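Read the structure below first, then the notes.
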Amino acid sequence: MLEFVTLEEAKAHLRVDTDAGDDDLQLKIYSASAAVFDFIQGSREKLIGDDGKIITDSPELQRVKQATLILIGILDRVRGGEEESQLKPGELPYSVTSLIYSLRKPTVV
């Protein structure tokens with residue numbers, strides 16, 4: 001599964017110092033990474049190599065990692081979807097998209 005951040009990076013971002021919620025946090029890492037990856041659509045080649053692994057020296061990776069960490073924080077804070085009505089389907093919060101908007105190349109299907 002695609003992970004733009006590690007469990008350790010997410011725990012540091014959220015200031016978590018126990019292992020009690022690691023399984024839940026790992027699920028949020030996968031979900032946030034997938035949502036960010038879906039948002040940037042046509043820029044896959046800038047972040048993912050032909051082997052399917054993250055390109056660690058990609059200049060865009062730091063912005064993508066920060067956007068993913070912010071989204072993980074939101075998913076952790078809003079566990080029941082209380083803020084869902086503020087976004088349209090397919091939208092991500094402004095704090096996330098402001099970091100990665102220039103990577104978005106919408107595709108028409």
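Keep in mind the model is a prediction, meaning the values are calculated, not measured.
Taken to the nearest 0.5 Å, the CG atom of D22 stands 12.5 Å off from the CG atom of L27.
Here D24 pairs with K28, R79 under the side-chain hydrogen bond (donor to acceptor under 3.5 Å, both in side chains) rule; sequence neighbours left out. Scored by the side-chain hydrogen bond (donor to acceptor under 3.5 Å, both in side chains) test, D19 finds K11 as partners (sequence neighbours excluded). Residues satisfying the side-chain hydrogen bond (donor to acceptor under 3.5 Å, both in side chains) criterion with S31, sequence neighbours excluded, are absent altogether. By the side chain to side chain contact (heavy atoms under 4.5 Å, CB included) test, A35 pairs with L71, L92, sequence neighbours left out.
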Side-chain donor-acceptor pairs of residues 51-61 under 3.5 Å, sequence neighbours excluded:
{"residue": "D51", "atom": "OD1", "partner": "K53", "partner atom": "N", "Å": "3.0"}
{"residue": "S58", "atom": "OG", "partner": "K46", "partner atom": "O", "Å": "2.7"}
{"residue": "S58", "atom": "OG", "partner": "E60", "partner atom": "N", "Å": "3.3"}
{"residue": "S58", "atom": "OG", "partner": "E60", "partner atom": "OE1", "Å": "3.0"}

Original post:
Going through the checks in order, is the side chain to side chain contact (heavy atoms under 4.5 Å, CB included) test met by E9 and T6?
Top reply: CA-CA 5 Å; E9 290 170 322; T6 65; 3.2 Å; yes
Original post:
Going through the checks in order, is the side chain to side chain contact (heavy atoms under 4.5 Å, CB included) test met by I70 and L99?
Top reply: CA-CA 10 Å; I70 291 170; L99 293 168; 3.7 Å; yes
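Among residue pairs with one or both ends in residues 90-103, those qualifying as side chain to side chain donor-acceptor pair (under 3.5 Å) are R63-S102; sequence neighbours excluded.
Other members of the hydrophobic cluster containing M1, listed by chain and number, are Y30; membership follows side-chain contacts under 4.5 Å among ILVMFWY residues, whether direct or relayed. Taking a 4.5 Å side-chain heavy-atom cut-off between Ile, Leu, Val, Met, Phe, Trp and Tyr, the cluster of L7 extends to V5, L14, V16, L25, I29, L69, I72.
The main-chain N or O of I40 is never found under 3.5 Å from a side-chain atom of R104 such that the two would form a donor-acceptor pair.
Around CG of D23, the count of heavy atoms belonging to other residues, nucleotides or ligands within 6.0 Å does not exceed 12.
At least one side-chain heavy atom of F37 sits less than 4.5 Å from a side-chain heavy atom of I48. Using a 4.5 Å cut-off on side-chain heavy atoms (C-beta onward), H13 and E8 make no contact. Between I74 and R77 the shortest side-chain heavy-atom distance falls below 4.5 Å.
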